[in-house]
Amino acid sequence: MARENQIKQGRPEVIETILGLAAQNLLSPIILFFALGLGAAFVRSDLTIPEAAAKSLSIYLLFAIGFKGGVSVSAHGIDATLILSLIAGLILSFALPFLAFALLRGMTRLSTVDAAAVAGHYGSISIVTFVAATSVLQSQGIASEGYLVAVAAVMEAPAILSALWIVARFSTSAEAKEREQDTQGLWREILLNGSIVLLVGSFLIGFLTGEDGLKEIESFIVSPFKGVLCLFLLDMGLVAGRGLRASAHQLRPGLISFGILMPVLGSAAGLIAASLIGLSTGGAVLLMTLSASASYIAVPAAMRVALPEANPSIYLTMSLGITFPFNLTLGIPLYLSVAQAVGG
Amino acid sequence: MARENQIKQGRPEVIETILGLAAQNLLSPIILFFALGLGAAFVRSDLTIPEAAAKSLSIYLLFAIGFKGGVSVSAHGIDATLILSLIAGLILSFALPFLAFALLRGMTRLSTVDAAAVAGHYGSISIVTFVAATSVLQSQGIASEGYLVAVAAVMEAPAILSALWIVARFSTSAEAKEREQDTQGLWREILLNGSIVLLVGSFLIGFLTGEDGLKEIESFIVSPFKGVLCLFLLDMGLVAGRGLRASAHQLRPGLISFGILMPVLGSAAGLIAASLIGLSTGGAVLLMTLSASASYIAVPAAMRVALPEANPSIYLTMSLGITFPFNLTLGIPLYLSVAQAVGG
Amino acid sequence: MARENQIKQGRPEVIETILGLAAQNLLSPIILFFALGLGAAFVRSDLTIPEAAAKSLSIYLLFAIGFKGGVSVSAHGIDATLILSLIAGLILSFALPFLAFALLRGMTRLSTVDAAAVAGHYGSISIVTFVAATSVLQSQGIASEGYLVAVAAVMEAPAILSALWIVARFSTSAEAKEREQDTQGLWREILLNGSIVLLVGSFLIGFLTGEDGLKEIESFIVSPFKGVLCLFLLDMGLVAGRGLRASAHQLRPGLISFGILMPVLGSAAGLIAASLIGLSTGGAVLLMTLSASASYIAVPAAMRVALPEANPSIYLTMSLGITFPFNLTLGIPLYLSVAQAVGG
Amino acid sequence: MEMKQAKRVEITIEAPMETRLTNALDRAGVTGYTILPVLGGSGRSGRWSREGQVSRAGGMVSIICIIRPERLDELLEAAFGVVERHIGVVCVSDCQVLRAERF
Amino acid sequence: MEMKQAKRVEITIEAPMETRLTNALDRAGVTGYTILPVLGGSGRSGRWSREGQVSRAGGMVSIICIIRPERLDELLEAAFGVVERHIGVVCVSDCQVLRAERF
Amino acid sequence: MEMKQAKRVEITIEAPMETRLTNALDRAGVTGYTILPVLGGSGRSGRWSREGQVSRAGGMVSIICIIRPERLDELLEAAFGVVERHIGVVCVSDCQVLRAERF
Ligand SMILES: Nc1ncnc2c1ncn2[C@@H]1O[C@H](COP(=O)(O)O)[C@@H](O)[C@H]1O
Ligand SMILES: Nc1ncnc2c1ncn2[C@@H]1O[C@H](COP(=O)(O)O)[C@@H](O)[C@H]1O
Ligand SMILES: Nc1ncnc2c1ncn2[C@@H]1O[C@H](COP(=O)(O)O)[C@@H](O)[C@H]1O
Ligand code: NA
Ligand code: NA
Ligand code: NA
């Protein structure tokens with residue numbers, strides 16, 4: 001007992017906070033439903049959320065998160081940091097793939113194309129991770145800038161460009177030419193992909209209609225939100241679990257380490273950006289989470305079109321099977337503690 | 001400033017009210033999500049609401065609107081105008097296609113069959129337009145008769161009969177005979193189509209269970225209603241936008257003018273009927289809206305079976321691409337102002 | 001009037017209560033929507049709930065009912081009767097198919113395989129019937145043990161084993177061998193089937209997160225529950241009605257009588273078990289309802305794999321077309337009255 | 001495996017005509033068919049896609065019918081009566097079936 | 001375009017049997033197939049339709065398998081072991097494929 | 001019934017490539033095709049199933065194209081340009097069509 005106390009006192013306070021937060025976080029229904037999905041997939045249960053339902057859940061999340069972000073901006077007004085945050089998001093999304101690519105070349109034996117494809121995912125973002133972070137902030141009573149939803153939208157696509165640029169740098173000119181032809185039309189597809197349009201559109205509508213608009217649809221997008229999120233995370237758990245089961249043999253230690261190291265480094269980059277801009281602690285946590293998270297919707301689709309020779313099971317497993325659960329369980333509490341330690 | 005005031009005073013008050021209402025209406029989340037859908041379709045975003053989700057949204061709307069209508073009738077009791085309203089609905093639905101057909105022959109160069117098919121759509125109704133009108137009334141605090149939901153149901157089908165009758169009048173007897181064979185079974189299909197059965201069934205259940213029943217399911221059908229409507233209108237916007245983009249070349253000026261003139265004339269017919277029956281101002285607005293709106297669910301399906309030679313892209317574009325947005329944005333505020341001017 | 005009073009006084013009080021409850025029950029929106037579905041199917045309306053929507057509704061129900069069950073156990077604590085109830089559920093599910101098989105051999109001319117397949121359905125349970133009983137208890141203000149949700153999960157599968165055992169007893173050894181091969185893997189499929197995993201998983205999560213967890217997702221799983229149930233029962237009505245229409249010719253009087261007698265006998269077995277365990281009146285009603293109800297999800301799927309020569313239209317029609325509506329309308333009020341008469 | 005020669009008929013037709021076609025097939029004694037959903041397509045009446053249909057009028061289905069060769073004409077006769085005035089495609093190919101007694 | 005002769009096997013079977021069938025195919029070394037959803041159908045056991053099924057037992061799927069002609073018998077053997085006691089249809093036709101090295 | 005010889009081309013391809021393929025077909029003058037949904041499958045890149053995809057990148061579709069025999073090469077040329085670097089299957093079979101003037 002005495003010894004335990006000693007050890008406890010020996011631990012830096014930050015780690016304690018992280019563990020406390022993580023423990024609390026791990027017992028939230030959201031995480032538990034993700035775990036249920038993972039578990040059901042591992043034991044090969046036939047539990048599935050119908051595809052149309054999963055798509056509808058994600059439409060609901062984008063609709064609700066976008067709208068609420070817009071309302072919050074309309075309530076607090078546009079300030080200078082908004083523009084700066086958007087620019088920071090752009091730069092982070094462009095830059096992080098290069099960091100990821102360098103790490104991957106050092107830590108793993110992936111081919112250039114596979115490494116570039118994976119790198120592209122880590123520059124982009126996962127909106128559900130963002131939502132989970134928002135929900136942790138909320139439960140801790142920490143405020144954040146509403147426009148970070150718009151930053152999330154801005155960060156979806158640029159990383160794809162970086163990934164393609166990396167590949168182009170390393171391919172023969174013939175291959176690159178062929179690829180260029182294929183990527184005709186890809187840009188409009190990426191920039192106008194459904195999730196971005198819905199998120200930005202809902203954000204603008206929320207901004208235009210403000211608190212009055214929110215009042216009209218509050219009982220659709222605010223009160224049931226957490227429950228819907230539970231179902232969505234159940235589905236994510238199922239998908240991640242099935243992906244992990246199918247691709248477990250490809251998960252060399254180097255890849256796994258990357259999947260945990262990269263979000264931590266990404267969050268550090270996000271923290272620096274947040275400090276430079278002057279975001280609130282909550283805002284810093286969200287920008288860190290965005291930087292730390294990896295895409296599993298927009299980027300994979302773009303990669304199938306532009307880099308079909310990259311192996312989808314590698315990038316999907318990394319993003320959904322390693323980094324997503326890491327962020328959800330340990331990452332977000334970590335980012336929060338660090339931001340509080342730095343910011344407070 | 002002085003001049004502006006002068007001009008302002010010169011304008012009839014009704015127009016001012018319409019414009020005020022329209023401006024207010026245009027900034028409601030419902031309209032803005034419709035616009036988002038239109039916009040996303042125009043820029044060729046791949047945003048889509050899964051088919052099953054869109055069908056579910058429409059089942060929810062019919063369920064909720066029917067039930068609430070029934071409860072409201074059970075609360076206020078059945079009065080003589082209920083029967084009269086149902087009869088008026090029947091007559092309007094039968095008669096409006098003849099007006100529409102005459103206009104189309106005058107204003108456009110559509111073939112008999114195409115003109116008859118379009119005409120059939122304008123006798124029938126659009127339940128979402130009806131819902132949007134209800135929601136405008138609500139936000140203005142104007143009461144209306146709950147049984148107009150039943151009138152909506154009654155108006156769905158008769159227009160189809162008129163359209164077929166018009167075609168029969170103008171076709172050779174051989175063709176007409178063949179058609180008759182095809183329309184065997186069509187009647188039961190139309191009268192028992194899912195939307196009518198669900199709307200009328202929910203209405204009756206709402207009527208039977210009354211306020212007690214409503215209390216049990218209120219937090220499912222009342223509070224989230226507007227939010228669901230937003231998603232539904234997003235989908236309608238997407239569909240209308242895609243239809244318009246695909247069929248823009250068929251939209252001659254004559255057709256466009258018809259798509260705006262016809263609802264206005266229809267609403268006038270609805271207003272006359274409402275005055276004769278003695279509906280409240282709110283009820284008059286709803287009957288006007290029903291008369292002004294055009295079908296895009298029941299009638300197109302019937303036309304594909306009974307008049308396959310009619311071009312579906314014409315009638316769907318007219319109904320969904322021209323008249324629906326017109327009613328949603330300008331039409332309903334117009335009908336409300338006129339009804340208030342006449343009724344008040 | 002005097003005579004009516006006399007007759008009324010002549011009736012045993014229990015019957016009066018049943019009829020009163022049944023009348024009240026018959027006017028609940030839940031039952032009326034089931035009736036609407038039945039009616040729509042009988043008149044051959046094309047009203048359908050999209051498959052993905054129906055699956056989503058059932059996922060929602062399992063999620064909500066499991067979670068609420070878990071929360072209620074965490075609130076009231078685990079007591080000795082919990083274990084006893086689970087054991088009782090196991091025994092009932094194993095035993096009831098033998099009773100059902102004996103009755104079927106006596107009352108109908110079904111083949112061994114068909115009779116065994118039907119018998120298997122009656123040992124298992126219908127979660128919607130359970131939910132309907134919960135909802136009747138609620139509206140009567142009668143409490144019940146939350147862990148009966150777990151008993152429901154436990155009762156899903158054992159009956160399948162009994163059905164297969166019955167068939168094995170009566171088949172030649174060659175056939176049985178072949179069957180065994182087929183049933184390899186069947187067990188893991190049954191025990192890990194989606195409904196069981198979701199129900200048990202949600203129960204555990206509800207138990208772990210308790211009232212705090214419930215508060216977070218209350219407005220998703222508690223307030224809209226009844227409304228969602230209405231839509232689900234509309235779908236059940238449609239499916240049951242279409243099944244009945246297609247298989248009406250197979251419904252000999254013997255089968256119909258069995259479909260009503262068996263649940264009553266099952267509920268008696270449930271009542272005895274409940275008394276032995278010492279469940280509350282509400283708990284007794286729920287255990288009676290579970291025993292009385294017949295499966296239409298887990299068992300049919302297992303039967304198609306393990307007993308493909310059994311006619312699915314017989315067991316589905318019995319379970320969904322006869323026993324489900326009987327329980328929903330008359331059964332539950334009957335079980336409630338009996339439990340009150342015995343328990344009070 | 002013993003296989004028998006048969007014909008595979010694939011009819012793509014608008015969804016509101018589905019029941020009419022299957023009823024016509026039933027009347028012609030053709031009681032075996034499988035209905036596949038269609039996501040979208042293109043033809044003389046333009047492109048269309050299921051996602052992006054408010055109206056059920058817009059969708060199509062594809063009906064596959066495997067039949068003994070000698071019964072093909074009857075089937076086509078029956079199908080043509082329904083398809084005739086409507087958009088859609090009828091395509092026949094040769095195939096072989098297991099368990100020929102079922103057809 | 002260089003094309004090679006192949007066989008196209010189409011197996012329509014109840015959904016709960018899907019995994020059993022694909023596992024049997026895998027065991028027989030057949031690792032290429034595509035699974036299509038089925039909306040409804042009709043056969044000796046009557047009409048059915050996917051919308052209007054509470055139970056997943058009711059649905060069917062159609063499994064398309066393109067295979068080199070010399071491997072057909074193996075495939076049919078494996079499939080027949082699963083399909084034998086169940087309802088469903090097996091239909092084989094000739095076809096030609098691009099990129100023959102994939103099969 | 002008067003029938004005419006035709007070719008039935010079935011291309012199974014990843015969903016994100018669908019528009020590219022149909023655009024290529026359109027450019028090659030092939031304006032008639034039908035798109036079927038695919039539930040799952042298996043191939044050299046492993047098994048997959050539609051339920052259990054977060055990303056729309058994962059799904060596939062099957063495009064059926066009925067065409068006059070003399071136009072087959074053009075179609076294959078166009079399709080191959082798109083399919084070449086991607087996973088997927090192209091399978092051609094003979095068929096006969098009613099209302100041949102439509103193709
Ligand atoms: N050549 C074709 N090959 C495959 N499907 C076709 C073809 N032509 C038409 N279709 C299908 O039939 C529908 C109607 O065609 P159409 O009558 O030409 O407008 C199209 O939307 C396609 O789904
Ligand atoms: N001749 C056929 N052509 C196409 N599909 C068939 C045929 N016969 C049966 N089927 C399909 O197989 C299922 C079961 O058939 P059965 O075993 O005859 O009841 C049917 O529901 C159809 O989907
Ligand atoms: N031999 C085959 N028969 C039918 N479909 C196939 C075959 N091979 C591949 N496919 C389909 O094409 C997809 C990609 O195949 P692959 O490129 O081999 O990974 C698979 O998931 C299947 O849906
Ligand atoms: Na990132
Ligand atoms: Na109208
Ligand atoms: Na039971």
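Below, read A as the first sequence line, B as the second, and so on, with proteins coming before strands; counting in each chain starts at 1.
- Looking at residues two or more places apart in sequence or on another chain, you find a side chain to side chain contact (heavy atoms under 4.5 Å, CB included) between B/Val71 and B/Phe67, B/Glu211, B/Leu214.
- Residues B/Glu51 and C/Pro50 are not in side-chain contact: their nearest non-hydrogen atoms beyond the backbone lie 4.5 Å or more apart.
- Here the side chains of C/Leu231 and B/Ile59 are in contact, with some heavy-atom distance below 4.5 Å.
- From C/Ser28, atom OG reaches atom CD of B/Glu216 across 6.5 Å, with rounding to the nearest 0.5 Å.
- Interface summary for chain C: among B/Ile217, B/Ile221, B/Ile205, the most heavy-atom pairs under 4.5 angstrom belong to B/Ile205.
- The OG1 atom of C/Thr48 sits 5.5 Å away from the NZ atom of B/Lys55 when rounded to the nearest 0.5 Å.
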request  = Apply side chain to side chain contact (heavy atoms under 4.5 Å, CB included) to B/Phe63 and C/Leu234, showing your working.
outcome  = CA-CA 10 Å; B/Phe63 168 69; C/Leu234 173 64; 5.8 Å; no
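- Interface summary for chain C: among B/Gly213, B/Ser195, B/Ser202, the most heavy-atom pairs under 4.5 angstrom belong to B/Ser202.
- When all heavy atoms are compared, the tightest approach of C/Ala53 to B/Ser56 is CB-OG, 3.2 Å.
- Within the 4.5 angstrom heavy-atom criterion, no atom of C/Ile30 approaches chain B.
- Using non-hydrogen atoms only and a strict 4.5 Å limit, the part of residues 32-45 of chain C facing chain B consists of C/Leu32, C/Phe33, C/Leu36, C/Ala40, C/Val43, C/Arg44, C/Ser45.
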